[in-house]
Engineer: 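Pasting a structure here, questions to come.
Note that the structure is a prediction, hence the values are computed from the model and not measured. Just follow the structure's listing: the first ligand is 1, and inside any ligand the first atom is 1.
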Amino acid sequence: MMNNDKMDNMSAFLLPVLLYPQNALDPVISANTISFHYGKHHRAYVDNLNKLVAETELANLSLEKIINVTAGKVDQAAIFNNASQAWNHTFYWNSLTPNGGGEVPAVLKAKIEASFASVDACKKELVTAATTQFGSGWAWLVLDGDKLKVIKTSNADSPLTKGMKPLLTIDVWEHAYYLDYQNRRPDHVNAVVDKLLNWSFAADNLK
Ligand code: MN
């Protein structure tokens, strides 16, 4: 999977390489949307973060560390927002795959069935969280202790600062769907859950 690693502690954060062509998620997410979402929005979070931490002690930290040490600190909100959005977007691109949404790997499936009534019930909760998040934010499948849960976060907020382990995410900022769906967020979310979710990636995150 693509990740947020730097070449070494002193180098800048990089925009990770997208693992599929920009038209690979079409027609659920168009190449036009990806070109703005990945090429402009995600890139801007990475570029802004690099500018904000340059020549500070934060520049030596991993992205996850920066997110955790700046979370909740009013004077470091801009750094938190850009770091967390950089992390969230990399995780989001990994959460999607062309021809996704199919069978859930056995180990994850058993875990889902222990935490929800069924895989379908889990998907329904994800759709509900993604469609009811008021304003910008994210819907997540997370591991919280030994239970799986669906949660939603606002703006740049992350399960990482709540002690939860993210397995999958859906971006519900308007920039994620507006070019293709305008105000029809539920149509976008249902299509993402049915056709793009990368359950193998989610299963890998359980390990
Ligand atoms: Mn986004």
Engineer: Check the surroundings of atom NZ in Lys65: do more than 12 heavy atoms from other residues, nucleotides or ligands lie under 6.0 Å from it?
Structural biologist: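 Incorrect, the count does not exceed 12.
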Engineer: Suppose the criterion is ring pair (Phe, Tyr, Trp, His ring centres under 6.0 Å): which pairs have a residue in residues 44-67, not counting sequence neighbours?
Structural biologist: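 Residue pairs passing ring pair (Phe, Tyr, Trp, His ring centres under 6.0 Å), neighbours aside: Tyr45-His89.
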Engineer: Is a side-chain N or O of Lys207 found less than 3.5 angstrom from the main chain of Ala203, in a donor-acceptor match?
Structural biologist: no
Engineer: Measure from the side-chain N and O atoms of Glu57 to the backbone N and O of Asn60, and report whether any donor-acceptor pair falls under 3.5 Å.
Structural biologist: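 No.
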Engineer: Through direct or indirect side-chain contacts below 4.5 angstrom among Ile, Leu, Val, Met, Phe, Trp and Tyr, which residues connect to Phe36?
Structural biologist: Leu179
Engineer: Have a look around the Mn ion (ligand 1) and list protein N/O/S atoms under 2.8 Å, or say none.
Structural biologist: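 Result, waters dropped: His37 NE2, His89 NE2, Asp171 OD2, His175 NE2.
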Engineer: Quick one: list whatever passes salt bridge (charged side-chain N to carboxylate O under 4.0 Å, His left out) with Lys149, sequence neighbours left out.
Structural biologist: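 With sequence neighbours excluded, Lys149 shows a salt bridge (charged side-chain N to carboxylate O under 4.0 Å, His left out) to Asp144, given in chain and number order.
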